[in-house]
Protein chains: 2
Amino acid sequence: MRYRAGLQTQAKILDATRKLIAESGLEGTTIKAVCERAGVLPGSFYNLFDSKEQAVLTVVRQAIDAADPDPEQLGNESLKDLVEAYVRFVTGQGDLARVYIGIAVSGSRGKPELRGRVLRHHQARVSRFRQAIEKERPGLSEQDSTRRAETLVTSLNGVALHRVLDPKFDVAVHARALLEGATT
Amino acid sequence: MRYRAGLQTQAKILDATRKLIAESGLEGTTIKAVCERAGVLPGSFYNLFDSKEQAVLTVVRQAIDAADPDPEQLGNESLKDLVEAYVRFVTGQGDLARVYIGIAVSGSRGKPELRGRVLRHHQARVSRFRQAIEKERPGLSEQDSTRRAETLVTSLNGVALHRVLDPKFDVAVHARALLEGATT
DNA sequence: ATCGTGTTTGAGTATTCACTCTAATTTGAT
DNA sequence: ATCAAATTAGAGTGAATACTCAAACACGAT
């Protein structure tokens with residue numbers, strides 16, 4: 001993959017894969033469907049990717065990266081910043097958010113690669129939230145701040161999950177309530 | 001299906017289906033796998049069920065029913081009762097809880113039957129939680145109590161979701177924290 | 001004991017899946 | 001313009017899928 005044509009084809013395939021996962025989950029994401037939507041034939045797909053799983057993993061990596069804001073400023077942002085960034089991710093990048101949530105539930109079974117990646121990401125996220133909580137409430141024990149961070153992160157995922165089912169669900173309102181609950 | 005043998009076979013098939021969905025998701029739940037685990041041949045399966053989807057739907061219906069405590073005492077239980085019942089369901093009936101959570105995301109796509117069922121059940125659940133909240137905090141507006149109930153129910157789902165990924169995750173602790181957040 | 005009906009058998013069907021292969025075409029540095 | 005390498009075309013592979021069917025068998029009311 002060194003020519004322009006190859007790079008364009010790769011982008012088209014990844015776009016198609018992302019949209020298909022968001023629309024119909026891993027189950028509905030077949031090579032045939034991806035190729036049809038990308039306007040490409042299977043031969044081209046396998047010229048650029050070793051397997052279907054490789055393409056899926058690339059998209060999942062994109063989704064996980066997109067769920068975290070400004071990785072450079074790690075440790076310098078407020079809890080409100082973190083929550084708002086997640087709300088923006090869920091409401092503004094619907095496709096990636098659906099991939100993220102969908103993988104967290106169904107895609108991790110029997111696929112250690114995916115499961116490990118999701119769990120590692122979750123842990124990093126909890127740690128980041130914990131730091132922000134400790135900055136806001138310096139008196140808390142580490143155990144307590146960790147517990148609050150875990151409750152907040154998993155609850156936010158639950159709210160995001162419901163938005164996948166009901167697009168009218170107001171994520172921002174519930175995120176605000178959870179934010180308040182975590183700091184009082 | 002009128003003889004005892006048929007009823008026994010039906011029960012064996014549903015048990016196998018439930019366990020397989022819990023272990024390996026919808027994707028891994030094939031007719032062959034279900035039949036092998038149930039000690040039955042495909043012909044017997046299709047003598048009792050019209051399709052794979054029918055068997056899956058039956059299991060999902062069981063899971064949804066099991067998520068609600070004492071349907072007869074509707075409206076008479078405290079918020080704490082409701083939360084504790086959900087924790088018991090998630091921690092004690094892992095199989096069904098996994099089916100419920102998994103279906104809510106991955107299974108509902110492209111299957112209006114399932115999607116509608118899940119959303120209707122969610123609405124009933126929110127309404128039940130709202131009533132309990134209003135009894136605990138009589139001063140709240142309906143809009144406010146509804147918002148609190150929605151936050152609580154979706155957050156509990158998020159906590160339960162994470163337990164699917166990490167069996168060591170302490171659901172009870174986080175459920176308690178969410179319960180407190182909903183009533184203060 | 002008989003007989004209609006429910007149940008099981010187990011091979012068989014059509015389809016779809018991820019993936020391969022070879023030949024033809026396109027690319028871009030020279 | 002040339003040519004090696006990158007890319008594409010598109011039919012084809014074997015395995016797995018959901019599902020079917022006719023024949024054998026088991027049940028239980030009579």
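Numbered from 1 within each chain, the chains take letters A, B, ... in sequence-line order.
Between the side chains of A:D144 and A:S141, no donor-acceptor pair of N or O atoms lies under 3.5 Å.
The distance from atom CG of A:L7 to atom P of D:dA5 is 19 Å, rounded to the nearest whole Å. For the pair A:K32 NZ and D:dA11 P, the computed distance is 13 Å after rounding to whole Å. Atoms CG (B:N47) and P (D:dA23) sit 17 Å apart, rounded to a whole Å. Taking atom CD on B:E27 and atom C1' on D:dT17, their separation rounds to 12 Å, with Å as the unit.
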**Item:** Annotated protein contacts, base or backbone, on nucleotides 19-30 of chain C with a non-hydrogen cut-off under 4.0 Å, one of B, S, - each
**Value:** BBB-----BS--

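A:D15 pairs by the side-chain contact (heavy atoms from CB on, under 4.5 Å) definition with A:R18, not counting sequence neighbours. For the side chain to side chain donor-acceptor pair (under 3.5 Å) test, no residue two or more places apart in sequence or in another chain qualifies with B:R163.
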Just list the side-chain donor-acceptor pairs under 3.5 Å for residues 32-44 of chain B, sequence neighbours left out, or say none.
{"unit_1": "B:R37", "atom_1": "NH1", "unit_2": "B:E23", "atom_2": "OE2", "d": "3.1"}
{"unit_1": "B:R37", "atom_1": "NH2", "unit_2": "B:E23", "atom_2": "OE1", "d": "3.1"}

Residues 83-93 of chain B side chain polar contacts: donor-acceptor under 3.5 Å, at least two apart:
{"unit_1": "B:Y86", "atom_1": "OH", "unit_2": "B:N157", "atom_2": "OD1", "d": "2.6"}
{"unit_1": "B:T91", "atom_1": "OG1", "unit_2": "B:V87", "atom_2": "O", "d": "2.8"}

When the side chains of residues 174-184 of chain A are checked against the rest of the protein, which donor-acceptor pairs come out under 3.5 Å, sequence neighbours left out?
{"unit_1": "A:H174", "atom_1": "ND1", "unit_2": "B:T151", "atom_2": "OG1", "d": "2.6"}
{"unit_1": "A:H174", "atom_1": "NE2", "unit_2": "B:E150", "atom_2": "OE1", "d": "3.2"}
{"unit_1": "A:T183", "atom_1": "OG1", "unit_2": "A:L179", "atom_2": "O", "d": "3.3"}
{"unit_1": "A:T183", "atom_1": "OG1", "unit_2": "A:E180", "atom_2": "O", "d": "3.3"}
{"unit_1": "A:T184", "atom_1": "OG1", "unit_2": "A:E180", "atom_2": "O", "d": "3.1"}

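For B:L41, taking side-chain heavy atoms from C-beta onward, the closest of the listed nucleotides D:dA9, C:dT9, D:dT17 is C:dT9.
For the OP1/OP2 pair of D:dT7 and a distance below 4.0 Å, the side-chain nitrogens and oxygens of A:T9 include no atom meeting the criterion.
Across all strands shown, B:S44 has heavy atoms under 4.0 Å from base atoms, whether or not it also approaches the sugar-phosphate.
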